[in-house]
2 protein chains.
Amino acid sequence: MTTVLIADDQPMQRFGFRMLLESQDDMTVVGEAANGHEALSLVSRHHPDVALMDIRMPLLDGIEATRRIIRAGARTRVLIVTTFDLDRYAYDGLRAGASGFLIKDALPEELLSGIRAVASGDAVVAPSLTRRLLDAYVQHLPTVPGGPFTLDARIATLTERERQILTVIGQGWTNTEIAERLHLAESTVKTHVTRILAKTGSRDRVQAVILAYDTHLVTPA
Amino acid sequence: MTTVLIADDQPMQRFGFRMLLESQDDMTVVGEAANGHEALSLVSRHHPDVALMDIRMPLLDGIEATRRIIRAGARTRVLIVTTFDLDRYAYDGLRAGASGFLIKDALPEELLSGIRAVASGDAVVAPSLTRRLLDAYVQHLPTVPGGPFTLDARIATLTERERQILTVIGQGWTNTEIAERLHLAESTVKTHVTRILAKTGSRDRVQAVILAYDTHLVTPA
DNA sequence: GTGCGTGTAGTACCGGGGTACGACGCGGGG
DNA sequence: CCCCGCGTCGTACCCCGGTACTACACGCAC
């Protein structure tokens with residue numbers, strides 16, 4: 001019997017996971033956590049085989065929670081599941097010691113097989129992430145001038161986080177919304193935005209949106 | 001027995017909904033759709049009492065699907081459920097004929113009671129949206145008489161002048177620049193902008209820029 | 001160790017964007 | 001003829017976006 005902990009700040013998401021897992025006769029959900037701190041205490045109390053870990057959570061995010069779980073030497077293996085498929089997340093998550101990384105729009109069967117794989121000691125990465133993960137890995141090798149991974153010069157200097165923020169700006173999100181949905185302070189969002197504008201030479205977020213479209217960071221519907 | 005159709009492009013999300021609904025002995029899921037077109041055909045085939053409709057779906061989004069369901073005179077009532085709580089979504093969705101609008105991070109019980117309310121002819125709106133929705137409603141009273149609201153149709157209601165202004169907004173011009181280069185008073189520009197936003201259902205000029213790109217009024221460099 | 005890049009957060013400030021009004025001239029269709 | 005859509009302009013007002021700092025924790029590199 002595989003014991004599983006669910007860590008996600010969205011109640012409905014947890015519900016969906018729980019129902020899926022409980023429908024399998026080789027799995028049991030031993031707890032639900034709405035943030036990283038809860039996840040830590042529940043892991044130390046129940047020692048689940050697998051922790052389904054969302055990244056975006058208040059108080060303590062899934063990456064940091066994963067890092068602490070692994071560092072504590074717990075037997076629990078962490079399977080990160082999130083809606084965001086950004087490079088940095090995958091990279092940091094796996095580097096923090098996670099055994100796998102899946103995207104929420106995976107099929108239920110894929111999720112189940114991923115959990116079983118992780119529980120048995122294997123690692124899993126969502127197919128859609130494998131490509132980028134390799135690219136990110138290559139990026140850390142000595143760079144070749146004019147290589148195949150060069151981006152548009154204007155957004156090339158952006159960090160992953162900044163690129164992410166620029167993307168959602170391109171979706172029309174306000175600073176307040178970005179703060180809420182990414183669990184940040186608005187002041188932090190503003191800091192990011194200011195740096196993005198400086199790096200890209202944009203005057204305001206409108207021009208940043210235009211840049212996002214021109215560089216295909218976001219694409220027209 | 002309340003029959004329900006689930007329309008969402010994320011398999012896991014559909015699974016969560018289905019499990020939640022099937023656990024209730026007064027509800028049955030009669031179908032699952034992964035995009036707007038599937039939703040339309042399944043509605044015409046099964047005539048469900050309620051359609052749980054996600055907004056962001058490929059091929060045909062939830063808003064347009066809702067509009068066509070209602071226009072076809074189907075008895076099915078549409079309950080829009082999405083992760084995003086943007087004003088214009090709620091506004092467009094309800095105006096398209098939806099009976100309700102909930103956010104995905106609602107508690108399962110809230111979702112269930114929402115479905116029952118909609119099935120019985122009532123309308124529901126997520127508490128966090130009610131306030132803004134009322135404001136938006138009052139604000140739009142004197143304007144557009146519920147015309148079709150596809151992407152292109154949104155800018156179709158614009159006058160030549162307004163379309164011109166929207167175009168240069170899409171180029172990143174500020175109100176001051178527009179006034180100078182078009183030999184207008186800034187107050188005039190502001191008036192135009194306000195009308196453009198009202199007609200297109202945009203919250204601010206950023207969303208207007210996005211709309212300009214999506215409708216190919218302006219094209220990426 | 002020291003330094004740097006990154007991400008986080010805060011305060012204070014200002015200017016532009018957007019709203020809510022009201023107003024006026026013009027041209028075309030009832 | 002008169003009304004209405006359209007384009008124009010104005011004032012007053014509020015809030016968000018953006019700037020300019022400072023600050024701290026962390027991981028990594030030298």
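Computed over heavy atoms, backbone and side chain alike; hydrogens, waters and symmetry mates excluded. Because the structure is predicted, anything quoted here is derived from the model rather than measured. Order of the sequence lines fixes the chain letters, A, B, ..., with proteins taken first and strands second; residue numbering starts at 1 for each chain.
- In this structure, B:T219 contributes its side chain and B:H216 its backbone to no donor-acceptor pair below 3.5 Å.
- Between B:H183 atom NE2 and D:dT8 atom C1' the separation is 15 Å, expressed in whole Å.
- Between the CZ atom in B:R205 and the CZ atom in A:R205 there is a gap of 12.5 Å [rounded to 0.5 Å].
- Side-chain proximity of B:T191 to C:dA9, D:dG10, C:dG18: nearest is D:dG10.
- The nearest whole Å value for the distance from the CD atom in A:Q207 to the C1' atom in C:dG17 is 15 Å.
- Screening A:T174, A:I178, A:V168 for a side-chain contact (heavy atoms from CB on, under 4.5 Å) involving A:V189 leaves a single residue, A:I178.
- The separation between B:E186 atom CD and D:dT11 atom P is 12 Å, rounded to whole Å.
- In summary, B:K199 and B:E162 engage in a salt bridge, as defined by a charged side-chain N under 4.0 Å from a carboxylate O.
- A heavy atom lying under 4.0 Å from DNA chain C marks none of the residues of residues 159-170 of chain B.
- Shortest non-hydrogen contact noted between A:I169 and A:V193 is CD1-CG2, 3.9 Å.
- At a threshold of 4.0 angstrom between heavy atoms, the contacts of B:T174 are confined to the sugar-phosphate backbone, with no base atom among them.
- Atom CG in B:N175 sits about 15 Å away from atom P in D:dG17, given to the nearest Å.
- We find that CG of A:L184 is positioned 17 Å from P of C:dT6, with the value rounded to whole Å.
- A:I63 places its CD1 atom 16 Å from the C1' atom of C:dT8, with the value rounded to the nearest Å.
- Residue A:D54 holds its CG atom at 11.5 Å from CG of A:N35, rounded to the nearest 0.5 Å.
- As rounded to whole Å, 4 Å separates atom P of D:dT8 from atom NE2 of B:H192.
- Judged by distance alone, with hydrogens and angles left aside, the side-chain atoms of A:D49 form a donor-acceptor pair with the main-chain N or O of A:T3 at under 3.5 Å.
- The shortest distance between the side-chain N/O atoms of A:T188 and the OP1/OP2 oxygens of C:dA9 is below 4.0 Å.
- Under the side-chain hydrogen bond (donor to acceptor under 3.5 Å, both in side chains) criterion, A:R203 pairs with B:E177, not counting sequence neighbours.
- One interatomic measurement links the two molecules: NZ of A:K199 to C1' of C:dG7, which rounds to 11 Å at whole-angstrom precision.
- Listed candidates were D:dA23, C:dG18, D:dC9. Nearest to the side chain of B:T194 is C:dG18.
- Between B:R205 and B:R195, the residue whose closest nucleotide on DNA chain C is further toward the 5' end is B:R205.
- In this structure, CG on A:L21 lies 6.0 Å from CE on A:M27, to the nearest 0.5 angstrom.
- In the helix from C:dG1-D:dC30 to C:dG30-D:dC1, the rotation axis of the first five pairs and that of the last five pairs differ in direction by 30°, rounded to 10 degrees.
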